[in-house]
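Only one structure is covered here, and it is reproduced in the block below.
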Amino acid sequence: MNVIETVVCSAKDGSSAKLRRLVLARQEFKRRQNGCIAAWMGTALDNDTMILVQSVYATAQDWKAISEKVRQDLDEVDGGIERFLLGPPLVGMFN
């Protein structure tokens, strides 16, 4: 069964461009992995600091493996996205 990951987050003041670049890099990375069906990102129409991120995986195991690969291959190199977030993201997983 496919799994959809949905994340809504906001950037700290002055960090929206950097956060968008990091999120886009992660979505592109995910799309290149086996098990990721699709991955995209969008910003709010009236506020480019609010970001919606969605990814579709073939299985929950694919989500887990790809998420770990993002942490190992990207977060360890660039420090991750957390320092650019205004607060904790809203995350949802759906079948």
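Numbering starts at 1 and runs along the sequence shown. Quantities reported herein were computed from a predicted structural model and do not represent experimental measurements.
Hydrophobic clustering (ILVMFWY, side-chain heavy atoms < 4.5 Å, transitive): Ile81 and Val7 are in one cluster. Note on Leu90 and Leu52: same hydrophobic cluster, where clusters join Ile, Leu, Val, Met, Phe, Trp and Tyr whose side-chain heavy atoms are under 4.5 Å apart, directly or indirectly.
The shortest non-hydrogen separation linking Asn34 to Ile66 is O-CD1, 3.7 Å. Smallest separation of non-hydrogen atoms from Pro89 and Cys9: CB-CB, 3.9 Å. Of all heavy-atom pairs spanning Val77 and Asp73, the tightest one is CG2-O, 3.3 Å. Here the shortest heavy-atom pairing between Trp63 and Glu5 reads NE1-OE2, 3.3 Å. When all heavy atoms of Met41 and Ile51 are compared, the closest pair comes out as CG-CG2, 3.5 Å. Across every non-hydrogen atom of Gly92 and Phe94, the tightest pair is C-CE1, 3.7 Å.
The line from OG1 of Thr43 to CG of Leu19 is 11.0 Å long, rounded to the nearest 0.5 Å. The distance from the OH atom of Tyr57 to the CD1 atom of Ile37 is 10.5 Å, given to the nearest 0.5 Å. Distance NZ/Lys69 to CG/Leu74: 9.0 Å, rounded to 0.5 Å. Taking OG of Ser55 as the reference point, atom CG of Asp62 lies at 12.5 Å (rounded to 0.5 Å). Taking NZ of Lys12 as the start and CG of Leu85 as the end, the distance is 8.0 Å to the nearest 0.5 Å.
Within the 4.5 Å cutoff, the side chain of Trp40 has heavy atoms near those of the Gln54 side chain. Annotation: side chain of Asp75 is in contact with side chain of Arg26 (closest heavy-atom distance under 4.5 Å). Side-chain contact between Asn95 and Val3: present, with at least one pair of heavy atoms (C-beta onward) separated by less than 4.5 Å. Side-chain atoms of Thr49 and Leu86, non-hydrogen and from C-beta on, never get closer than 4.5 Å to each other.
Side chain to side chain, Gln27 and Lys30 meet the donor-acceptor criterion of an N or O pair below 3.5 Å.
No more than 12 heavy atoms of other residues, nucleotides or ligands shown are found within 6.0 angstrom of CE on Met50.
No donor-acceptor pair under 3.5 Å is formed between the side chain of Ser15 and the backbone N or O of Ala11.
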